[in-house]
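See structure below.
Quick caveat, the model's predicted, so the values are computed rather than measured. For the numbers below, each heavy atom of this structure counts, side chains included, while hydrogens, waters and symmetry mates do not. Residue numbering restarts at 1 for every chain, and letters A, B, ... go by the order of the sequence lines.
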Protein chains: 2
Amino acid sequence: MYPFLPSENGCLLNGMSHTPGIRQAQKLKTRQALLDAALTLLEEKSLSSLGLREVTRAVGVAPTAFYRHFDGVAALGVALVEEALGSLHGMIGAILADTGDSEERLDRSVVLIARHVAEQPAHFRFIAREQHGGVGPVREAIAAQLRAFTEEVARAIATEPQSAGWDRQDLLMLGGLYVDHMVLTASALLDAAGPEDEREVVRTARRQLRLVTLGRAHWLDS
Amino acid sequence: MYPFLPSENGCLLNGMSHTPGIRQAQKLKTRQALLDAALTLLEEKSLSSLGLREVTRAVGVAPTAFYRHFDGVAALGVALVEEALGSLHGMIGAILADTGDSEERLDRSVVLIARHVAEQPAHFRFIAREQHGGVGPVREAIAAQLRAFTEEVARAIATEPQSAGWDRQDLLMLGGLYVDHMVLTASALLDAAGPEDEREVVRTARRQLRLVTLGRAHWLDS
DNA sequence: AAAGTCAGTGAACAGTCGTACTCCCAACTG
DNA sequence: CAGTTGGGAGTACGACTGTTCACTGACTTT
């Protein structure tokens, strides 16, 4: 599936005499160009209707060149999932590393999501669209990644004093609620018509998070 | 696929004098056949990759006949939204009409959702898939319907004693939370691998609803 | 009983699609 | 240096797409 990188460990050896990277670098460049073009095209289409030729045409390479990088459109989709959720991973890390008052953290989280969505709209749109989309492998890849995020969030939540006495099921449940809410908020931000709409979405998202946090605080009272 | 039955119900009526029913009934029948075939095909595809010819082939009708009923695939999608969310409307009504202890209501709601998903899986799959899908008009139709549901839920919530002192924004926020959670739960049920998975999804959904309800109870404490 | 309506037909259009094949030449190898 | 590798180009194929047009014949109307 992935191209062998034989010069990776031989880099230092090759670095002496022969130039090691030109060919690989070019290949990676084309590959990235394919991914970028696909992501752009996917802003107003869904993956299952994305044509292989359409992508190569946008990049300016022959249709056959596509196969040098991916088995088919589905494989490209899976690669896009990795790319998109890489940036998401960074964002979640930043949110979890946040400290301070619960209310402030909540605010900062929503703002952070809004900023990332504004910076990488295509990535979020792709994830939201293909999460329930028509291409099986891509759907599964996204589900697996989001499940990983849920566990990560649950693990972070577990270390906080508010979560004393919570069992694993409850922690995962709350983590899932947070992750789902994040994806939904991102999608709502993308659908927002203008700056005013966006602020409204942010306000609502904050309110909803506050309610969830409130429920969390009284979870063990039942 | 479907045989013509021109004389099926027309005989006795037509025998009288002027009965303007046969033709329209046939037309509606074909239209419904197109909708049904499309919904079946959409179980493993998304609307933007659904071909017009594909649908007519499944019904057993010439491709051109499609235009007698819809402007194009997008229009068929919008019609499917109305059909699908009609059944959803009934379900929400049943949930809201429920009375009794908050915990029992919550349980019954989740069970009701699970039952409806089991009865009409294709409808729910379609909604979940096209909610963020690639066809604009369909996305907007779904968004409009879900917004209407949110308002309906908010209105129902407002009448309950627990919601005294809540403003409109807060009620809509909570309604949106419930509606979003319902769609997400339905989607999770559809992705469930087996009966064991389904029960797990139901358990988690119940837990999440309980947390939200808990947050609701303490909303005005802040 | 004659005239009209119209859902459905079948052929033909100009495209696009994925994919298999051969070939080329710059980059790498020993 | 000669020899190999491999990303990409080019061509060609059959299958499928949405849409048009003139048309038929069963149902409706007058």
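- When rounded to the nearest whole Å, the span between CZ of A:R23 and P of C:dA26 equals 11 Å.
- Atoms CG (A:L41) and C1' (C:dT16) sit 15 Å apart, rounded to a whole Å.
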Give every pair of a protein N or O atom and an N or O atom of nucleotides 8-11 of chain D that lie under 3.5 Å apart, one pair per line with the distance.
from, atom 1, to, atom 2, distance (Å)
D:dG8, OP1, A:T30, OG1, 2.4
D:dG8, OP2, A:H69, NE2, 2.6
D:dG8, N7, A:R68, NE, 2.9
D:dG8, N7, A:R68, NH2, 2.8
D:dG8, O6, A:R68, NH2, 2.5
D:dA9, OP2, A:A62, N, 2.4
D:dA9, N7, A:T64, OG1, 3.3
D:dG10, O6, A:T64, OG1, 3.2

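- When the side chain to side chain contact (heavy atoms under 4.5 Å, CB included) test is applied to B:A188, the partners found at least two apart in sequence or on another chain are B:V201.
- As rounded to whole Å, 12 Å separates atom C1' of C:dA7 from atom CG of B:L34.
- Here D:dG6 presents its C1' atom at 19 Å from NZ of A:K29, a figure rounded to the nearest Å.
- Judged as a side-chain hydrogen bond (donor to acceptor under 3.5 Å, both in side chains), the pairs with a partner in residues 44-53 of chain A (not counting sequence neighbours) are, in order, A:K45-A:E54, A:S46-B:S46, A:S46-B:S48, A:S48-B:S46, A:S48-B:S49, A:S49-B:S48.
- Put simply, CG on B:L76 is 12 Å from P on D:dG18, counting in whole angstrom units.
- Of the residues near DNA chain D, B:Q24 and B:G51, the one whose nearest nucleotide (by heavy atom distance) lies more toward the 5' end is B:G51.
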Between side-chain atoms of residues 175-183 of chain B and protein atoms elsewhere (two or more places apart, or another chain), which donor-acceptor pairs fall under 3.5 Å?
from, atom 1, to, atom 2, distance (Å)
B:H181, NE2, B:Q208, OE1, 2.9

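- The distance between atom CZ of B:F70 and atom C1' of D:dG18, rounded to the nearest whole Å, is 17 Å.
- Each side-chain hydrogen bond (donor to acceptor under 3.5 Å, both in side chains) pair with one or both residues in residues 126-149 of chain A, not counting sequence neighbours, appears once here: A:H132-B:S187.
- Here B:E152 does not pair with B:R155 in a salt bridge; the nearest charged N to carboxylate O distance is not below 4.0 Å.
- Whole-Å rounding puts the B:I22 CD1 to D:dG25 C1' distance at 15 Å.
- Put simply, B:R57 has a side-chain N or O that comes within less than 4.0 Å of OP1 or OP2 on D:dT17.
- Applying the side-chain hydrogen bond (donor to acceptor under 3.5 Å, both in side chains) definition to pairs two or more places apart or across chains, those involving residues 74-84 of chain B are B:Q32-B:E83, B:E83-B:H123.
- Summarising the geometry, the separation between CG on A:L47 and P on C:dG18 is reported as 11 Å, rounded to the nearest angstrom.
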